[in-house]
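Values below: every heavy atom of this structure, side chains too, minus hydrogens, waters and symmetry copies.
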Amino acid sequence: MNKHKSGAAVKILLLTALLCLSFSACVKSGGKANYSVNESSKTDISKSKTSMFYGSYMYDLHFKAIAVEDSDGIRVVIMSDLGVKLQDMKIQKDGSTNVSFAISYMPKLAVEQFADFFNEFFIADEKEHIKNINGRIYYFDNNEPVLWVTRI
């Protein structure tokens, strides 16, 4: 009888630990971005300003990005070198970010660093973390270069 009770207690303990870990993984980090929002409404590109970038994140993830400016912010789509969509986000002029898509293996920190870069590049008055070095635009986080881009 005691064997069954201790087995049930272990199962309950494991289930509780699993739920706690799952919940903590879902908590937003710093509230910088709203994840899994509906894709932003389609923008009339003919009336918007579009920018294209090529760059590298943490020196090993090469990417292309398309940024479309409209009246309430910037929509940024980030793709791998091969054209696979990695992220789709809308950065509002108030600095908040709505992420409608982020590929599952991309950590939230990477998503938020991309959002912070494009927010500072297009919206912020001061470019505190951005430096232009030899024609490349670098974004620094904690005084370390996190990503670089070239506008194409």
Side-chain angles (χ1 to χ4, degrees), residues 13-152:
L13 180 61
L14 288 174
L15 183 59
T16 303
L18 181 63
L19 289 173
C20 288
L21 287 173
S22 298
F23 178 75
S24 66
C26 294
V27 175
K28 292 180 192 171
S29 58
K32 292 182 179 183
N34 304 312
Y35 291 90
S36 300
V37 299
N38 292 330
E39 188 173 332
S40 59
S41 62
K42 303 297 179 206
T43 305
D44 184 6
I45 294 179
S46 64
K47 296 180 181 177
S48 301
K49 184 177 178 185
T50 303
S51 301
M52 296 182 68
F53 299 90
Y54 176 79
S56 180
Y57 176 77
M58 301 298 273
Y59 298 107
D60 59 356
L61 174 65
H62 300 285
F63 66 91
K64 298 174 187 173
I66 299 173
V68 180
E69 298 178 60
D70 60 20
S71 61
D72 62 340
I74 291 104
R75 179 171 181 203
V76 180
V77 177
I78 298 168
M79 299 162 287
S80 72
D81 273 353
L82 300 174
V84 175
K85 185 163 89 168
L86 302 174
Q87 291 182 42
D88 190 343
M89 67 182 96
K90 175 75 178 256
I91 303 166
Q92 305 293 332
K93 289 198 175 179
D94 67 2
S96 65
T97 302
N98 294 325
V99 179
S100 57
F101 176 82
I103 202 157
S104 61
Y105 66 81
M106 186 166 283
K108 285 186 178 183
L109 178 62
V111 174
E112 292 174 357
Q113 286 173 328
F114 273 106
D116 289 345
F117 166 72
F118 284 105
N119 180 17
E120 189 168 322
F121 186 83
F122 284 105
I123 297 173
D125 293 331
E126 294 186 29
K127 313 296 185 217
E128 297 176 28
H129 303 98
I130 294 176
K131 294 181 184 174
N132 191 329
I133 303 171
N134 297 328
R136 285 187 178 168
I137 302 162
Y138 285 85
Y139 177 72
F140 289 82
D141 190 12
N142 293 324
N143 295 321
E144 294 292 324
V146 174
L147 65 87
W148 64 262
V149 297
T150 301
R151 205 174 204 161
I152 52 177

Q: Identify the heavy atoms of I91 and A115 that sit nearest to each other, and give their distance.
A: CD1-O, 3.7 Å

Q: Going by heavy atoms in the side chains, are F53 and F121 under 4.5 Å from each other?
A: yes

Q: Taking all atoms of both residues into account, what is the closest heavy-atom pair of D81 and H62, and its distance?
A: OD2-CB, 3.3 Å

Q: V111 versus Q87: any side-chain heavy-atom pair under 4.5 Å?
A: yes

Q: Output all residues satisfying side chain to side chain contact (heavy atoms under 4.5 Å, CB included) with D60, sequence neighbours left out; order by chain, then residue number.
A: M58

Q: So how far is it from E126 CD to H129 NE2, rounded to the nearest 0.5 Å?
A: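 One finds 11.0 Å between CD of E126 and NE2 of H129.
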
Q: Could you work out, with side chain to side chain contact (heavy atoms under 4.5 Å, CB included) as the rule, every residue matching K127, not counting sequence neighbours?
A: E120, I130

Q: Please name all residues satisfying side chain to side chain contact (heavy atoms under 4.5 Å, CB included) with I66, sequence neighbours left out, ordered by chain then number.
A: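 If we apply the side chain to side chain contact (heavy atoms under 4.5 Å, CB included) test to I66, skipping adjacent residues, the hits are T50, M52, V68, M79.
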
Q: I want to check something: taking the side chain as every heavy atom from C-beta on, are W148 and Y54 in contact at a cut-off of under 4.5 Å?
A: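 With C-beta onward as the side chain, the pair touches.
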
Q: Nearest 0.5 Å, please: how far is CZ in F117 from CZ in F140?
A: 11.5 Å

Q: To the nearest 0.5 Å, how far apart are OG in S56 and CG in L147?
A: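 Taking OG in S56 and CG in L147, the distance rounds to 8.5 Å.
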
Q: At what distance, to the nearest 0.5 angstrom, does CG of L86 lie from CE of M106?
A: 4.5 Å

Q: Quick one: which of I74, I123, I78 gives a side-chain contact (heavy atoms from CB on, under 4.5 Å) with F118?
A: I78

Q: Mind checking salt bridge (Lys or Arg N to Asp or Glu O under 4.0 Å) for D72 and listing every partner two or more places apart, or none if nothing turns up?
A: K90

Q: Less than 6.0 angstrom separating the ring centers of Y57 and F63, yes or no?
A: no

Q: Please list all pairs passing the side-chain hydrogen bond (donor to acceptor under 3.5 Å, both in side chains) test where one or both residues lie in residues 133-145, with sequence neighbours left out.
A: Q113-D141

Q: When rounded to the nearest 0.5 angstrom, what is the spacing between CG in D88 and CZ in R75?
A: 4.0 Å

Q: For S51, check side chain to side chain donor-acceptor pair (under 3.5 Å) against everything at least two apart and list the hits.
A: R151

Q: Find the distance between CD (E69) and NZ (K93) and round it off to the nearest 0.5 Å.
A: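 It is 8.0 Å, given to the nearest 0.5 Å.
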
